[in-house]
Amino acid sequence: QVQLVESGGGLVQVGGSLRLSCAASGRTFNNYVMGWFRQAPGKERGFVGAISRNGANKYYGDSVKGRFTITRDNAKNTVTLQMNRLKPEDTAVYYCAATTAWAWKIAPAEYQSWGQGTQVTVSS
């Protein structure tokens, strides 16, 4: 399996931006569809978005569509989540995840590898 480490979380004001990064090591990074998830206190882990192996296709959850952008650099084994126009409801621990599934998946159970998570707090 691939090992994942997120970075870039922090405290930001409403309307601000934040960029999360996920560094992968281990097996061939471009064998994996990469996803981002988030989990707020007392809530289930929810799908944020995913990106295909070559980066050509992306899919986003409705709550972040138009505000968040996922990119990947297979040469550097990284995937990023650019978050703009942040809202208080975006406050959560954000996780990157990897799956060997053929296409993007929205269920956390479909992903085999997970990072440790990074906290994002949006203050109003």
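Count residues from 1 along the sequence.
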query: Backbone N or O of Arg19 within a donor-acceptor pair of the Gln82 side chain at under 3.5 Å?
result: no
query: Can you pull the salt bridge (charged side-chain N to carboxylate O under 4.0 Å, His left out) pairs that have at least one residue in residues 28-44, sequence neighbours excluded?
result: Arg38-Asp90
message: Can you pull out every salt bridge (charged side-chain N to carboxylate O under 4.0 Å, His left out) where at least one residue sits in residues 104-114? Sequence neighbours excluded, please.
response: none
field: Beyond-backbone contact of Asn31 with Thr100, side-chain heavy atoms, under 4.5 angstrom
entry: no
task: Compare every heavy atom of Gly117 with every heavy atom of Glu6, then report the nearest pair and how far apart it is.
output: OE1-N, 2.8 Å
- request: Spell out, as yes or no, whether a donor-acceptor pair under 3.5 Å connects the side chain of Ser113 to the backbone of Ala98.
  value: no
task: Sort and list the pairs that fulfil ring-ring contact (aromatic ring centres under 6.0 Å, His included) and have at least one residue in residues 40-75, not counting sequence neighbours.
output: Phe37-Phe47, Phe47-Tyr59, Tyr59-Trp104
query: Mind checking whether Tyr111 and Arg45 have side chains closer than 4.5 Å, heavy atoms only?
result: no
query: Looking at Ser21 and Thr80, what are the two nearest heavy atoms and their distance?
result: OG-CG2, 3.8 Å
query: So, for Val33 and Ala101, which heavy atoms are closest and what is the spacing to 0.1 Å?
result: CG2-O, 3.8 Å
- prompt: Within a reach of under 6.0 Å around CD of Glu89, are more than 12 heavy atoms found that belong to other residues, nucleotides or ligands?
  reply: yes
field: Side-chain (Arg53) to main-chain (Trp102) donor-acceptor, under 3.5 angstrom
entry: yes
task: For Tyr94, check ring-ring contact (aromatic ring centres under 6.0 Å, His included) against everything at least two apart and list the hits.
output: none
field: Counterpart residues, ring-ring contact (aromatic ring centres under 6.0 Å, His included), relative to Tyr95 (two or more places apart)
entry: none
task: May I have all residue pairs that pass salt bridge (charged side-chain N to carboxylate O under 4.0 Å, His left out) and include part of residues 70-87, sequence neighbours excluded?
output: none
